[in-house]
Amino acid sequence: MKKLNFFRHAALKRVQGSASILFLLLIAGCKSVPAGGRPVDPLELIDAESSFYIAIPKAADNVLIERIITGFYPEGSDSDAKMIADRVNKVYCGLNRSRHGTEVQASIDGNIPQKFLPKVLNAKKGFVISDYTPPESILSYKVYSGQIEMTFPSDKIACIGRNIEGMLDKYDSLSKLPADDTTELYSDLNIDLTSYLKDAETEIRFFANKPQSFLTILTGAQLDLKLIDVKGSFKTDLKHPNQYLLTLDFRFKNGTFLKAGKTLLVLAFGLTNSQEEIIGNSELIIHNIRMDKQQLYKLLSL
């Protein structure tokens, strides 16, 4: 798999036609959540079929969300992008990259005006509109199919991309639970991963099952590391607001691979021993890797 083109041209071609529509939806306002039923958390709708997951909360870097929006909606002004970003609370994405392109599954926590949908998601705009009824349900949901599929099961959630019907099945079943059943997340993801992404409030967090390509982008070097996975976070450096402090947590297949991998990583990042932490015999955490924000903006801004 080549560099993490998750956020590059393949994804852009699939979503660009829908970008101006998302822009209109997000700036139009919202209506109140219907009374009764359990509120569904957007993270619960992301399935376990992706190899890369990322949580981007507005509080971590609103400018980054603006940059992503600008990539989707190049016709918009900077003020347009800021207006949209202000209505997005958090974006959860699962991605898969293959030789055929990039699959994106996104669940967005924001303000989505249901009453405005028919005005912008219609046949004149190139959308095929269908009704989908989950198994054993009496409710139906509108699915909008164009260059990318999307649906809006509530005025707080937008679902975009892969496995829309599966996301609606999950939403429908969870929304019928008792309203006070909010003590746990009914996620398909590993509980540790769910907690890690959910708790992203002031930092951007990611998890990769196939981390080699991601590391190539960060270091500029082809690192042959025997890894199980890697997770990490980007947080703004308060002393240098134009930079992130990056933390990476590597899980190696065994201690032998950790020793070899540690040497390569130290050289690639130019680190000192004070930035390293070894847990057990197969986990390496590297703290405070300084990274210019523009590098991540370029990655995620399509």
Q.
Which residue in the set Val91, Ile65, Val88, Asp109 passes side-chain contact (heavy atoms from CB on, under 4.5 Å) when paired with Lys58?
A. Ile65
Q) Hey, what do you get for CG (Leu43) to OG (Ser107), rounding to the nearest 0.5 Å? A) 7.5 Å
(Q) Is there a salt bridge (charged side-chain N to carboxylate O under 4.0 Å, His left out) between Arg251 and Glu283? Walk through the geometry before answering. (A) CA-CA 5 Å; Arg251 288 201 307 151; Glu283 184 174 1; over 6 Å; no
Q. Can Tyr141 and Asp169 be counted as having a side-chain donor-acceptor contact under 3.5 angstrom?
A. no
(Q) Could you check whether Ser137 and Lys176, counting side-chain N and O atoms only, form a donor-acceptor pair closer than 3.5 Å? (A) yes
**Q.** Check against side chain to side chain contact (heavy atoms under 4.5 Å, CB included), Glu201 and Lys90
**A.** CA-CA 9 Å; Glu201 296 296 340; Lys90 188 180 290 186; 3.5 Å; yes
(Q) Applying side-chain contact (heavy atoms from CB on, under 4.5 Å), can you list everything that pairs with Asp180, at least two apart in sequence or on another chain? (A) Pro178
Q.
If we count only N and O atoms by modelled type, under 3.5 Å, do the side chains of Asp86 and Asn62 hold a donor and an acceptor together?
A. yes
Q: Would you tell me whether Thr236 and Lys293 have side-chain atoms, one donor and one acceptor, within less than 3.5 Å of each other?
A: yes
Q | Steps toward side chain to side chain contact (heavy atoms under 4.5 Å, CB included) verdict (Ile204, Ser233) | A | CA-CA 5 Å; Ile204 299 159; Ser233 64; over 6 Å; no
Q: Verify whether one side chain among Glu49 and Asn96 offers a donor that lies under 3.5 Å from an acceptor in the other.
A: no
Q. Strictly by modelled atom types, are Asn209 and Asp229 linked by a side-chain donor-acceptor pair under 3.5 Å?
A. no
Q: Please identify each residue that fulfils salt bridge (charged side-chain N to carboxylate O under 4.0 Å, His left out) with Asp237, with sequence neighbours left out.
A: Arg290
(Q) Using 0.5 Å steps for rounding, measure from the OG atom of Ser50 to the CD atom of Glu103. (A) 7.5 Å
Q: Ignoring hydrogens and angles, state whether a donor on the side chain of Asn254 or Ser282 is under 3.5 Å from an acceptor on the partner side chain.
A: no
Q.
If you apply the rule side chain to side chain contact (heavy atoms under 4.5 Å, CB included), what do you find for Thr247 with Ile289, and how did you get there?
A. CA-CA 6 Å; Thr247 296; Ile289 303 169; over 6 Å; no
Q: Kindly give the heavy-atom pair with the smallest separation between Arg38 and Asp181, and that separation in Å.
A: NE-O, 2.6 Å
(Q) Is the distance between the ring centroids of Phe252 and Phe257 under 6.0 Å? (A) no
Q: Scan side-chain atoms only and decide if Tyr196 and Asn190 contain a donor-acceptor pair under the 3.5 Å cut-off.
A: no
Q. So, Lys170 and Glu44, do they make that salt bridge, N to O below 4.0 Å?
A. no
Q | Non-hydrogen side-chain atoms of Asp131 and Val143 separated by less than 4.5 Å | A | no
Q. What class does the angle between the rings of Phe206 and Phe234 fall in, given that below 30° is parallel, 30 to 60° is tilted and above 60° is perpendicular?
A. tilted
Q. Looking at CG of Asp41 and NZ of Lys156, how far apart are the two atoms once the value is rounded to the nearest 0.5 Å?
A. 13.5 Å
Q: Take Asp47 and Arg162 through the test salt bridge (charged side-chain N to carboxylate O under 4.0 Å, His left out) and record every step on the way to the result.
A: CA-CA 10 Å; Asp47 65 29; Arg162 178 177 57 78; 2.8 Å; yes
Q) Roughly how far, to the nearest 0.5 Å, is CD of Glu277 from CG of Asp249? A) 8.5 Å
Q. When rounded to the nearest 0.5 angstrom, what distance separates NZ in Lys262 from CD1 in Ile286?
A. 9.0 Å
Q. Going by side-chain heavy atoms closer than 4.5 Å, which hydrophobic residues are tied to Ile279, directly or by a chain of links?
A. Ile285
(Q) Checking Tyr132 against Ile164 for the side chain to side chain contact (heavy atoms under 4.5 Å, CB included) test, could you report, in this order, the C-alpha distance in whole Å, the side-chain angles of both residues, the deciding distance, and whether it holds? (A) CA-CA 10 Å; Tyr132 175 71; Ile164 285 291; over 6 Å; no
Q. Rounded to the nearest 0.5 Å, what separation is found between the CD1 atom of Ile157 and the CG atom of Asn111?
A. 12.0 Å
Q. So Tyr53 and Phe207, would you call those rings parallel, tilted or perpendicular, with 30° and 60° as cut-offs?
A. tilted
